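Every number for a ligand or one of its atoms is a count from 1 in the order of the listing. Quick caveat, the model's predicted, so the values are computed rather than measured. When a residue number appears, it is its place in the shown sequence, counting from 1.
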Amino acid sequence: MTVTQEVYPDAPALAAAIAERLTGRIALIQAEGRRPKVVLTGGTIAIDAYELIQSGLVDWTEVDFYWGDERFVPEGHADRNDQQARDAFLDRLGVPASSIHAMPAHGCDVSTAEAADQYAAALPSEPFDVTLLGVGPDGHVASLFPGFAQLHESERRAVEVFDSPKPPPVRISLTFPAINHSDAVWFIVAGEGKAEAVARALGNGTLEDTPARGAHGISETTWLLDESAASHL
Ligand SMILES: O=C1O[C@H](COP(=O)(O)O)[C@@H](O)[C@H](O)[C@H]1O
């Protein structure tokens, strides 16, 4: 497994690079005759990148989209990662509902834990092609936060999260067994506020203080950074 870093001058340049890289990877997979499976993240740089994605080389209607985590609020709520992705590119590119594998929402008729289990049961058995992961200033990825027990989950592929230090407090997250069942994991990180977390993730942090250390792809782990996020490396 290789771990690589790419550093771009600023957040707009990084967002453009993410959009181009994701489009290119999906085009390659489709050219091989396969249907790509992509795990989306929430977060600022992700939404900036999604807004730059254009149709063109890729048939976006033939891509399956999943999420690494979700805020457990009602369907259509502005805080939901799936709603933000729909608004940024999925609706614009005509991705059909059957390709959008959103996590359950608050208001579904099961508990948060059962909702997490339902999502896990619907995940594909083959590896994801690309998993995008934003990184919080505290080093969290998906909704796996420093010091939380979910960091050590080894059986369940999706879990409920309560008392998230970042609002909203109730979430569902993929676990490392699910995230790491990805051919490629791409961390996408912008801003000085993330620089310490990036340095710990790539340096001498621990899983407990920097959850990003627990994620890696089967054949590729890539850190896509802007200069500010890379400034403490
Ligand atoms: O709450 C979340 O935060 C992280 C990072 O977000 P950012 O705005 O600091 O970039 C994101 O990766 C995660 O998916 C999301 O639920």
Which pairs of donor and acceptor atoms, one on a side chain in residues 46-54, lie under 3.5 Å apart (sequence neighbours left out)?
unit_1 : atom_1 : unit_2 : atom_2 : d
Tyr50  : OH     : Thr41  : N      : 3.1
Tyr50  : OH     : Thr41  : O      : 2.7

Residue pairs passing the salt bridge (charged side-chain N to carboxylate O under 4.0 Å, His left out) test where at least one lies in residues 171-196, sequence neighbours excluded: Asp69-Arg171
Where Asn81 and Glu70 come nearest, the two heavy atoms and their spacing: N-OE1, 2.6 Å
Within 6.0 Å of NE2 in His106, more than 12 heavy atoms from elsewhere: no
Exceeds 12 heavy-atom contacts within 6.0 angstrom, atom CD of Glu32: yes
Residues in contact with ligand 1, criterion: heavy atom under 4.0 Å: Thr41, Gly42, Gly43, Thr44, Asp69, Arg71, Asn81, Gly134, His140, Ala142, Lys166, Arg171, Lys194
side-chain contact (heavy atoms from CB on, under 4.5 Å) involving Glu126 - partner list, sequence neighbours excluded: Lys37, Pro124
